Participant: 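Pasting a structure below so you can have a look.
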Amino acid sequence: MSIDYKKEIERLKKELDVTVVAHYYQRDEVFEMGDIVGDSLELARKSKDAESEWIVFCGVGFMGQSVKVIAPEKRVLMPKIACCAMARMIDSTYFDDSVAYMEERGIPKEAILPITYINSSAEVKAKVGEMGGLVCTSSNAFRIIEKGLESGKKILFVPDRCLGQNFANSMGLKSCVIGVEVDGKACDSLEADIICFNGFCSVHQYFTMDDIDFYRERYPDILIAVHPECDPKIVEAADFSGSTSQLIKYITDLEPEQKVAVGTEYNLVNRLRPKNTFVLSSTKPECPTMNETTLEDLYLVLKSIEDANPINEVTVDEDVAKYAKLALDRMLALK
Ligand code: 13P
Ligand code: SF4
């Protein structure tokens, strides 16, 4: 007899001391099971404050890891420990190489303040924490960079070059990307305010100027709203750029007849607003790793708690957790 996953998940949620957490990019049927839903910042804050012993996190690896780091007393399980493609682009060696790059170009280590996007491993967050740096998300990057600049140090921003460049542009700051030449000139640590690592989100690179031109030609009054992980050209050409929760607010506050084309993950865009909302790409912009989690995976993880044989538990090395927590707590301390 086949299992009714939805019914079983609902039963297990009632019977166990568990909170199911789901990011907006999850498949609809998984998202609907979330006791807590949100973007990466909201989920980190709310999971930390959840009263249950068990957190079952439906998202990507760095999200569950961040909860384990900021709330080590919790048992964090993930239906799939799927790694965000951007987070995989940097490890602690690449981080050290980036610091060395700046040192070789005249910036001593003490004069560098690293900021890591939350889409990074605990090891990278630990490196950042050890150097006095902080974590940011796309919701609070402006505030965190502003805070970072108060130190008077140069900012090393990892791993998302687009987020780093987009916030530098919106703050009137100079930025460059390590390893990328512009007009024959390499990234100059002395001249730039923000030095970015060359990582990116492959999903948010789907959106092109051709897509924007297509929608503007077809519907002259349409608005274009995008996530700041998109290329700076796209953000500059858009009417609005914001994190997942900021995009949701912007779009749901629009008049019902206002057309909008949205440049972010498909699952979110698809459930936002039934009419007059378009996906800003001819290719379906699905995040492969967010989509790995199925209802069956969620059921199996909950069942493993019931059977007292938990699977896919998130663990973080004690030393790594200590320094990663510094970087995460510095972010959480800022309102
Ligand atoms: P948010 O911080 O907006 O939730 O984004 C997380 C993410 O991975 C976007 O691609
Ligand atoms: Fe990572 Fe991009 Fe997926 Fe977000 S959409 S989780 S940045 S791969």
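The basis for the numbers below is simple: all heavy atoms, side chains too, and nothing from hydrogens, waters or symmetry mates. Atoms within each ligand, like the ligands themselves, are counted from 1 in listed order. Computed from a predicted model, the values in this text were never measured in an experiment.
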Participant: Could you tell me whether S40 and ligand 1 have an N or O pair separated by under 3.5 Å?
Facilitator: yes
Participant: Below 4.0 angstrom, N of the basic side chain to O of the carboxylate: do K233 and D231 qualify?
Facilitator: yes
Participant: Between C176 and C196, is the SG-SG gap less than 2.5 Å?
Facilitator: no
Participant: Using the rule given for salt bridge (charged side-chain N to carboxylate O under 4.0 Å, His left out), can you reason through K127 versus D96, listing the C-alpha separation, both sets of side-chain angles and the distance that settles it, and then say yes or no?
Facilitator: CA-CA 8 Å; K127 287 269 172 189; D96 289 343; 3.1 Å; yes
Participant: Less than 3.5 Å apart, any donor N or O on the side chain of E265 or Y24 sitting next to an acceptor on the other?
Facilitator: no
Participant: With atoms numbered from 1 as shown, which atoms in ligand 2 lie under 4.0 angstrom from a non-hydrogen atom of Y25?
Facilitator: 4 (Fe), 5 (S)
Participant: Out of all atoms in ligand 2, which are within 4.0 Å of some heavy atom of E229? Include the element for each.
Facilitator: 2 (Fe), 7 (S)
Participant: Between E292 (side chain) and T289 (backbone), is there a donor-acceptor pair under 3.5 Å?
Facilitator: no
Participant: Regarding C201, does it place an N, O or S atom less than 2.8 Å from atom 1 (Fe) of ligand 2?
Facilitator: no
Participant: Quick test of your reading of the structure: of Q246, M86, E229, whose heavy atom lies closest to atom 10 (O) of ligand 1?
Facilitator: E229
Participant: Looking only at heavy atoms, is any part of E265 under 4.0 Å from ligand 2, and if so is it the side chain, the backbone, or both, or is it neither?
Facilitator: neither
Participant: At less than 4.0 angstrom from any non-hydrogen atom of C287, what atoms of ligand 2 do you find?
Facilitator: 3 (Fe), 5 (S), 6 (S), 8 (S)
Participant: Any side-chain heavy atom of F197 within less than 4.5 Å of one from F157?
Facilitator: no
Participant: Only heavy atoms of A85, strictly under 4.0 Å: list the atoms of ligand 2 that pass.
Facilitator: 8 (S)
Participant: Quick check: does S243 get an N/O under 3.5 Å from an N/O on ligand 1?
Facilitator: no
